[in-house]
Amino acid sequence: MPKNLTETRLVFMGTTSFADAILNSLLDEKYNIVGVYTQPDKRVGRRQEIRKNAVKITAEKDNLDIFQPEKFDAAATNKLKNLKPDLIITAAYGKILPKEILEIPKHKCLNVHASLLPKYRGPSPIHNAILAGEKETGTTIMLMDSGIDTGDILSQKKIAIQSDDLHPLLQGKLADLSSALLINTIRGWLSGEIKPEKQDDSEATYCQMIKKEDGHVLWSDEAQSIYNKYRAFYHWPGMFSFWERNGSNLRLKLSKIGAIKNNPQSRHHLGEIFEISDKVGVQTSEGVVILEEVQLEGKNKLDIRNFINGYPDFVGSILK
RNA sequence: CGCGGGGUGGAGCAGUCUGGCAGCUCGCGUGGCUCAUAACCACGAGGUCCCGGGUUCAAAUCCCGGCCCCGCAA
């Protein structure tokens, strides 16, 4: 084992802004990062421009060697071997590493996973903790094995979820927490102070990749769970419903919704828009969702009052 | 040339198809009413109808070109 942490040859793999925050904290610690792996650039937006992800931008700024393999075939695997990594750190990379890769670094592969494993194994732990209305979640540093988020745990730390935390805020908190924990864990792991602990598979829960369609609001849900969905999907994919107008179903993004009003007296149709004093609500199966800002397809985001000024027939209509 | 919606007083919209007085809901200003108001009444200010060209007696509206905003898709 290298005596000095800065001599450890470290490879980082990550893609999202969460991963970027982790990478930045490793850079702050002056670790010797000999390679950065991230997902290939994707074409994005109406003009199909190529956009670099956050990790790539950071890596370029620091003149790190960047690798963006579509998959780990023989050539990609050899390239990685040539980097002679002592340790691989992954965080929200978005690719499953074949077993052969996991065996390359002598100090193995560490993964940062933003949940209290074995809870919320899978690609969307933060989203799903919010969706489920959890009061707390956390972050786990673990060794990677061939399963998905099933490896032995090195360290773990909890954090509270506030009832009005939106996904980006909670993700930011978890990134900070994870960064600090990772720094300590790397030190402890390389020095042999930390011993891996097996996960209790009987306690495991799993989450799926979030799809765009998941943002479609079901007004037959309860207001509280719709609000949780709003918090979880705030950054992506957002929340939307459909408003029928002049025979066509227009997509209406609910870009900002307010607290829930539990007034059992209110018995409108599911999805019906109505005014409550100075606010605008939508009827759910239990409670009311308050609309604060919406965006009709083809239009800009609008404060609900301005929206109704332009579309007075919105009140009384039913969202689907 | 991936598909589609849009640009009209400070905000949001209608008007465009079928060319003919610049309209609606708000906001703003002044006055009134009220114990009171995101309430009500009266009056009022505020517009190069995105830009450029064309057609026409006449263009927000029709034709050509350009700029910008947005939804989908990826």
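In what follows, chains are A, B, ... by sequence order, proteins preceding strands, each numbered from 1.
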The nucleotide from B:C70, B:C26, B:C13 with an atom nearest the side chain of A:N309 is B:C26

Practice problem: Applying side chain to side chain donor-acceptor pair (under 3.5 Å), run through A:T15 and A:N53 and close with a yes or a no. | Solution: CA-CA 7 Å; A:T15 299; A:N53 66 55; 4.8 Å; no

Original post:
Any idea how A:H127 and A:H167 line up, ring-wise: parallel (<30°), tilted (30 to 60°), or perpendicular (>60°)?
Top reply: parallel

Whole-Å distance, A:L302 CG to B:C69 P, equals 17 Å

Atom CG of A:D303 and atom C1' of B:A38 are separated, to the nearest Å, by 12 Å

Here the distance between atom P of B:G4 and atom CG of A:L250, to the nearest Å, is 16 Å

For nucleotides 72-74 of chain B, tabulate all protein N/O to nucleotide N/O atom pairs closer than 3.5 Å, reporting atom names and distance.
unit_1: B:A73; atom_1: N1; unit_2: A:G45; atom_2: O; d: 2.9
unit_1: B:A73; atom_1: N1; unit_2: A:Q48; atom_2: NE2; d: 3.1
unit_1: B:A74; atom_1: N1; unit_2: A:G45; atom_2: N; d: 3.3
unit_1: B:A74; atom_1: N3; unit_2: A:Q48; atom_2: NE2; d: 3.3

Nearest heavy-atom contact between A:W219 and A:S241 is NE1-OG, 3.0 Å

Separation of B:C70 atom P from A:K301 atom NZ, nearest Å, is 10 Å

Across every strand shown, the nucleotide meeting Watson-Crick or G-U wobble geometry with B:C13 (both distances under 3.5 Å) is B:G23

Distance, C1' atom - from B:G10 to B:C57, rounded to whole angstrom:
36 Å

Whole-Å distance, A:R305 CZ to B:C28 C1', equals 19 Å

Pairing partner of B:A36, by Watson-Crick or G-U wobble and under 3.5 Å for both distances, is none

Q) If we take the C1' atom in both B:A45 and B:C26, what is their distance in whole Å? A) 16 Å

Determine the Euclidean distance between corresponding C1' atoms of B:G6 and B:C49; express it in Å to zero decimal places. 14 Å

Checking N1-N3 plus N6-O4 or O6-N4 for Watson-Crick, or N1-O2 and O6-N3 for wobble, each under 3.5 Å, the partner of B:U30 is B:A42

Exercise for review: Assess the pair A:H113 and A:Y120: is the distance between their ring centroids shorter than 6.0 Å?
Suggested key: no

Looking only at atom P, what distance separates B:U48 and B:C3, rounded to whole Å? 36 Å

Out of B:C70, B:U25, B:G6, minimum distance to the side chain of A:N300 belongs to B:C70

Worksheet item: Is any side-chain N or O of A:K299 closer than 4.0 Å to OP1 or OP2 of B:C13?
Response: yes

Assert: residue with more 5' nearest nucleotide on RNA chain B, out of A:G298 and A:Y311, is A:G298

Do A:Q68 and A:D41 pass the side chain to side chain donor-acceptor pair (under 3.5 Å) test, and can you show the C-alpha distance, the side-chain angles, and the key distance before you say yes or no? CA-CA 8 Å; A:Q68 298 177 280; A:D41 296 337; 3.0 Å; yes

Q.
Would you say A:Q171 and A:S17 are linked by a side-chain donor-acceptor pair, where the criterion is simply a distance under 3.5 Å?
A. yes

Rounded to whole Å, CG of A:D278 lies from P of B:U37 at a distance of 16 Å

Return the orientation label for the A:F274 and A:H268 ring planes: parallel under 30°, perpendicular over 60°, tilted otherwise. parallel

Scanning all shown strands, the Watson-Crick or wobble mate of B:C72 with both distances under 3.5 Å is B:G2

* On a whole-Å scale, what distance lies between the P atoms belonging to B:C50 and B:C43? -> 30 Å

Between CD1 of A:I304 and C1' of B:U25 the distance, given in whole Å, is 14 Å

For residues 152-164 of chain A, the salt bridge (charged side-chain N to carboxylate O under 4.0 Å, His left out) pairs (sequence neighbours left out) are A:E136-A:K158, A:D152-A:K198

Q. Considering only the P atoms, how many Å lie between B:A22 and B:G46, rounded to the nearest integer?
A. 15 Å

- Query: Mind checking the C1' distance from B:U25 to B:A14? Whole angstroms is fine.
  - Reply: 10 Å

* Could you measure between the two C1' atoms, the one in B:A11 and the one in B:C69, and give it in whole Å? => 16 Å

